[in-house]
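I have placed the structure first, in the form of structure tokens, so that the comments after it can refer back to it.
Chain A is the first sequence line, chain B the second, and so forth, proteins listed ahead of strands; every chain is numbered from 1.
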Amino acid sequence: MDKNQVTGLLEEIAVLLALKEGSSVFEIRAYENAARAVGSLEGNLEQLVKEGKLKGTPGLGSTMIKRIEEAVETDHILFRDELVANTPQVKLDMSRIPGLGPKRINTIYQQLNVNSLAELEQACKDDRVAHIPGFGKKTQEKILQGLEFLSQHSDRYLYDVAEAEAERIRAALAEQPGVVRLQIAGSLRRRRETVKDIDMVLSVDDQAGSDVRRAIMDFFTSQPSVKAITGKGDTKSSVVLNSGIAMDLRLVNDSQFPYTLHHFTGSREHHIPLRRRALSMGMTINDYGLFKVENGDETLVPCKDETDIYHALKMDYVEPELREDMGEIDAAARHALPELVQESDLRGVLHAHSTWSDGQNSIRDMAEACIARGYSYLGMCDHSRAAAYAGGLSPDDLKRQGEEIDKLNEEYAGRFHILKGTECDILRDGALDFPDDVLASLDFVVASIHSNFNLSQEEQTQRMLRAIANPYVDIIGHATGRILLGRPGYPIDLDQVIDGAAQHGTCIEINAHPSRLDMDWRYVRKARDKGIKIPVNPDAHSVAGIDVMRYGIGIARKGWLRPEDVLNTLDFEALMTFFHVRRSKK
DNA sequence: GCCGTTTTCGGCCCGACTGTTTTCAGTCG
């Protein structure tokens, strides 16, 4: 059992414990901490267990080490299995209802004897929930709304959907009188691939009157995209937008803005060690300020922005994308954070489709769109013949497409370059869909899996590794095939894939399409650490599809990528040299 | 369950909001 699976089991135990009566919240937290501790361990977990190297890891005491050893050696944690056996499924289901936590779940379960969400819904409609002591009409109504929400939408939204919603409201609010600072916070600011809700922080002058504040809140809750108002006050208002996304707006005095913005940007995982660090330095931090604590007295440490907050804690500024407790606190303290790649560092587009296969625009249209966006090259990667559903090209088609590209390149006369490429299918056995001589005739090759998703993890991994070892494969496309909120990726051991790619000098793309954002940022960093070059690819099927590059950049930044780690920050000459050198080494 | 110049007990990150109460528990980020 590997690191991820053990992390998953420990997290599961934390949830199960929370749903068990009489659990200690500190025991629950200990499992959450242990899961994080295991997740951030360096190296192979089995190896670490064998060599007894877990001892001394913060967060892992003797019990946790025993549990981890058990998991690695037997693929089970008996303690977890017992918890599962004793936890009714309906409790786990209820934990997905917004606003319903473990305490009230247990109360409902005890008092009403419900065994499914459908029975819970009926209990609400029968007015039985409202009669539980400590509950009431509003709570019951909220549970009904929560159930409705669950059935209507899965509770997460794609980044691009949420960003568009948030940006529309941000732009409107920015025009309001009295607004000093205004920023999107939360997981959206951290550029998570999916988000649960939208957080926004707004400041007014410290001397602003309540009329100004109320006017802003009124304006917010009356936005056309607001479907329902779920809370309204002078400092916080909550709404549900037409798309179903929940949104909170916090309104603070401008002097509080940096602290509040920081607090609501999160992540929770980032804040826990940060607060611990503050405590160790005689300070305490919350959404209203950073305070020096002396003899029980708190004095505010003045900060004009988030940079000041981190500096006061003797750290470098931590970009929001990095605030995930993935080692950024330590790196910021050691002044060792990476200079993150930006969209403006990108020089060209690799992996785009045209009407030759399933794209909507001609090669010329795609090239012109790239030029208009300031790029200096375009790598055409239409599908190969196995992808019949996408109008995959035969070797002969590919040759004729190459002639069209040659003509266009002549026209552009060095001002812009189109690369001849392919998104070649990786067949079931790991062979490529084109023979080597066809691949050799191209400038570069992207290879992707589009079929046989149901192989075992071992088979899928070996299939991928064989493709990686092909000397003509330069880039692996969308490494897991996942569709966010749609389907999980095919089972594959990405650690092995990354090792293989590092060994053969093969690149792994970040597919910038907002439904893919694959390879996942948690693995992007691992790949970077092994020296793998990572292109940010739009997988564009139209001119508009080129504009997704910025979502890919968000993921690149979450993966700690610097400009030099991203393949398409190279200019055209350097890129061609990179491909030539790769092939001549084989 | 973890941790320790307050070391083997007694803490553990913090505060607002909501809905229920009439002083507070539960949830969230």
When the [atom1] atoms of [N] and [M] are considered, how many whole Å apart are they?
N      : M      : atom1 : answer
B:dA16 : B:dC9  : P     : 36 Å
B:dT27 : B:dT21 : P     : 15 Å
B:dT20 : B:dG26 : C1'   : 10 Å
B:dC14 : B:dT7  : C1'   : 26 Å
B:dT8  : B:dG4  : C1'   : 9 Å
B:dT6  : B:dC2  : P     : 22 Å
B:dG15 : B:dG10 : P     : 24 Å

Run the numbers on A:Lys558 and A:Val524 for side chain to side chain contact (heavy atoms under 4.5 Å, CB included), then give the verdict.
CA-CA 8 Å; A:Lys558 289 196 84 60; A:Val524 165; over 6 Å; no
Should B:dG1 form a Watson-Crick or G-U wobble pair with both distances under 3.5 Å, which nucleotide is its partner?
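In the structure as shown, B:dG1 has B:dC12 as its Watson-Crick or wobble partner.
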Within the 3.5 Å criterion, strictly below it, is a donor on A:Asp248 or A:Ser238 matched to an acceptor on the partner's side chain?
yes
Between A:Asp316 and A:His335, is there a side-chain donor-acceptor contact under 3.5 Å, judged purely by atom types and distance?
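A:His335 vs A:Asp316: donor-acceptor pair found between side chains.
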The test is side chain to side chain contact (heavy atoms under 4.5 Å, CB included); show your working for A:Arg192 and A:Glu324 and say whether it passes.
CA-CA 10 Å; A:Arg192 290 289 292 245; A:Glu324 301 285 359; 3.0 Å; yes
Counting side-chain heavy atoms from C-beta on, which of [options] comes nearest to [X]?
X        : options               : result
A:Tyr288 : B:dG1, B:dC14, B:dA16 : B:dA16
A:Asp287 : B:dC12, B:dG1, B:dG15 : B:dG15
A:Tyr31  : B:dT20, B:dG1, B:dC14 : B:dG1

Identify whether any heavy atom of [X] sits under 4.0 Å from a base atom; if not, whether one sits that close to sugar-phosphate; answer base, sugar-phosphate or nothing.
X        : value
A:Lys137 : sugar-phosphate
A:Ser267 : nothing
A:Pro133 : nothing
A:Arg277 : nothing

May I ask you to check whether over 12 heavy atoms, not counting those of A:Lys232, lie within 6.0 Å of atom NZ?
yes
I'd like to check, for A:Phe135, whether its ring lies over the base of B:dT20 with centroids under 5.5 Å apart and a plane angle smaller than 30°.
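Check failed, A:Phe135 does not stack on base of B:dT20.
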Check the phosphate of B:dG1 against A:Ser62, side-chain N and O only, distance under 4.0 Å to OP1 or OP2. Yes or no?
no
Below 4.0 angstrom, N of the basic side chain to O of the carboxylate: do [X] and [Y] qualify?
X        : Y        : value
A:Lys66  : A:Glu69  : no
A:Arg36  : A:Glu32  : no
A:Glu163 : A:Arg550 : yes

[X] [atom1] to [N] [atom2]: how many Å, rounded?
X        : N      : atom1 : atom2 : value
A:Arg276 : B:dC12 : CZ    : P     : 12 Å
A:Lys55  : B:dC2  : NZ    : P     : 13 Å
A:His270 : B:dC14 : NE2   : P     : 16 Å
A:Lys236 : B:dA16 : NZ    : P     : 12 Å
A:Glu141 : B:dT18 : CD    : P     : 16 Å
A:Arg80  : B:dG1  : CZ    : P     : 17 Å
A:Asn33  : B:dC12 : CG    : C1'   : 9 Å
A:Leu16  : B:dG1  : CG    : P     : 14 Å

Heavy atoms under 4.0 Å is the rule here; annotate nucleotides 24-29 of chain B 5' to 3' with B where the base is hit, S where only the sugar-phosphate is, and - elsewhere.
--SSSB
5' priority, DNA chain B, between A:Ser238 and A:Ile65 [closest heavy atom]:
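The residue whose closest nucleotide sits nearer the 5' end is A:Ile65.
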Closest nucleotide of DNA chain B for A:Gly59 versus for A:Thr284: which of these residues is on the 5' side?
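That would be A:Gly59.
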Side-chain touch A:Met94/A:Leu117, heavy atoms, less than 4.5 angstrom:
yes
Tell me, do A:His262 and A:His271 make a side-chain contact under 4.5 Å, heavy atoms counted?
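In contact.
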Would you tabulate the pairs of protein nitrogen or oxygen atoms and nucleotide nitrogen or oxygen atoms of nucleotides 8-10 of chain B closer than 3.5 angstrom?
none

Side chain to side chain contact (heavy atoms under 4.5 Å, CB included) between A:Ile510 and A:Leu561, intermediate numbers included:
CA-CA 11 Å; A:Ile510 290 174; A:Leu561 298 193; 4.1 Å; yes
